[in-house]
Amino acid sequence: MKKKLLMAGITLSLLSIATYNAVFADIPDNTVTNATNATNATQVPYQTIQDKMLNAVDNFKNIKGSFRLVDPVANTDKTVEFEVDEGIEPGSFSKVINNKNQHSIEQHSDGDKILYLNKNLKEYQLEKVNKDFKDYDKALKDRPRHYKNSDGTNVNEYRTDPARAEFAKDVIFPQEVAFWINSQTQILGHEKLLNRDVTVIKGKLDDFVSAKLQGKDYKMWIDTETGILLKLVVTNLSQEEKYKLKVLSLNINEGVDRSEFSTKAPTGFTDRTPKFLKEKIKK
Amino acid sequence: MFKYSAITAVLTLLVAVTLFGGSGYKASAATFNCDNDATSGCSNYLGGEQQFYYRTDMATYDMNHDYRLSNNYQYNDFYHWVIPTNNYTTHTYTVKAYLWNTQFTNPRANYYVDDYYQYTLNQKLATAGWNSLGTKNDYGTIDISINSNDQQWDVDGSSATGADMVQLYTSAY
C-alpha cells in the first residue's frame, strides 16, 4: 500500500510538471496584450479582415496574377507577375519588372530551394529554404499575432509562405500592412474589383511608417474571401499619392503552370550564390 | 501506515511543484539577444563586400543607439549575427529581428539562419518593434544573416537595408 501511494504521488507530480510544461510552452515569454482581440463587438469586421490578411495563404489553393507598385519616395515603378501554388506541394514563380528600364528578375521556388535569375546579366543565385516553420505557423493560428512584450515594445508574429513567393508577398500574403490595422481603422464598405468582392478600409499610419512612406493616410481594398490585398494607396496631407499598389489581373484556384517552379539553373548562367549558402545546397 | 504514505505522496507532489512548477521553471526557457556590434556574447561579422556600415544616432530607438546600414547599390552583401547558445542538443528557436529606424527601407530584406533562407521582410512597410520571422530547429552556435539584395537581385537599388538587434527564443532549454 505504501509503495502504491508513493507511486501515485510521484505520478501526480510528474503529471503536474507535464501539464505546467504544456501550458507555458505555448505562451510567449512576453506579456501579452492582445491588441487584435481587445476590442468590443462593434469592431469585429476590422479584426475579421485583418485575420484574413494574416492568414491569406490558407484561403486559396493556387493563384495567378500581376500587380503594379509605384513608390515615388523610393523612385520605384515595378510590375510583378506571379503564379503560386499553396497546395500539398507548394511552389511559386514570380517575376519583378522595372518599368523604367524593363530589366527583370525571376524567382522560382519548389518549396525546398529558391532560384533567382537575372536574365540580363545571365546570373543566378540558389538557396536552400528552412522548412521548420510548420508547427510554429500552426500554433500561430490560435495565438495573438500582435502584442507588447514586457518592456512595452510591439511584437508582430509573421507566418511563412510555404510557396516562398517573396516577390508577390505584398499582395498574396500582406502581413506587413495587416499590422497597420487597429481599432482606429475604419471599414468603409464593400466594392467590386476584378470581379471580386473587396472590403475597403482606411486609417492613419503611425509615425514610424509615416516617416518611411512620407504619407499620413492609407486606404486598402482587400479581397473579402481570401485577405489578398488588391489595392493600397498611401497619401500625404496634400492628398498626393506616396505609395500605390494595384493588382492588374487575378485568377484564384484556376490552376497554375507548375513547370515554372523548377529551381534548375539554366545552362550558360553564372552562379553568383555566396559560398556559405552553397554548402547547404550540396546537402 | 496509510496516513504516513498519503502524507508522503502529497509532500512529494508539493516538492515537485515547488521545484519545477514555480518561477524557477521559467529558467528552462531561454532568450538570446544579439545586437549589431554587440559588446559581449556574440561575434558578428561583415559579408565579403563589407557594405553594412556602422552608424550611431542617440536620437533614435535603435538598440544601444547604433545599427548597421547598407545602401550601396553596387553590391549584394550580408551582415552576420553569430550567437552561441551553448546548447548542443537541437531546440526549436523563434527568430526575431528588431527594427525601429526609418532608414531601414529594403522592401525585400532576406534573413537566413545557419545559411538556410528563413524569411523576407518588407522593411519599408513593417511597423516598429520586434518582428518574429518563424522558427528554426538548431543547436550550438547559430548564425543569423541578412542580405541587402542590392543591384543584381533587385531591379532598382533605391532602398537601404538595416541591421540592429536579433533574438533567438526557445521555450524549452
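Per chain, numbering begins at 1; letters A, B, ... match sequence-line order.
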Quick one: of A:K134, A:K169, A:K131, A:K275, who has the most non-hydrogen atom pairs under 4.5 Å with chain B?
A:K169
Find the one option among A:N154, A:L213, A:V177, A:V234 whose heavy-atom pairs under 4.5 Å with chain B are most numerous.
A:N154
Minimum-distance pair of heavy atoms, taken over all atoms of A:P144 and A:E157
O-CG, 4.3 Å
Is [X] in contact with chain B via its backbone, its side chain, both, or neither, using a 4.5 Å heavy-atom distance?
X: A:D170; result: side chain
X: A:Q107; result: neither
X: A:V209; result: side chain

Salt-bridge test for A:R164 and A:D110: reply yes if a basic N is under 4.0 Å from a carboxylate O, no otherwise.
no
If you count heavy-atom pairs under 4.5 Å between each of [options] and chain A, which one has the most?
options: B:G47, B:A128, B:G134; result: B:A128
options: B:Y61, B:W100, B:Y119; result: B:Y119
options: B:Q123, B:K136, B:Q103, B:Q118; result: B:K136

Is the backbone of A:A74 close enough, under 3.5 Å, to the side chain of A:D71 for a donor and an acceptor to pair up by distance?
yes
Quick check on B:N101 against chain A: is it the side chain, the backbone, both or neither that has a heavy atom closer than 4.5 Å?
backbone
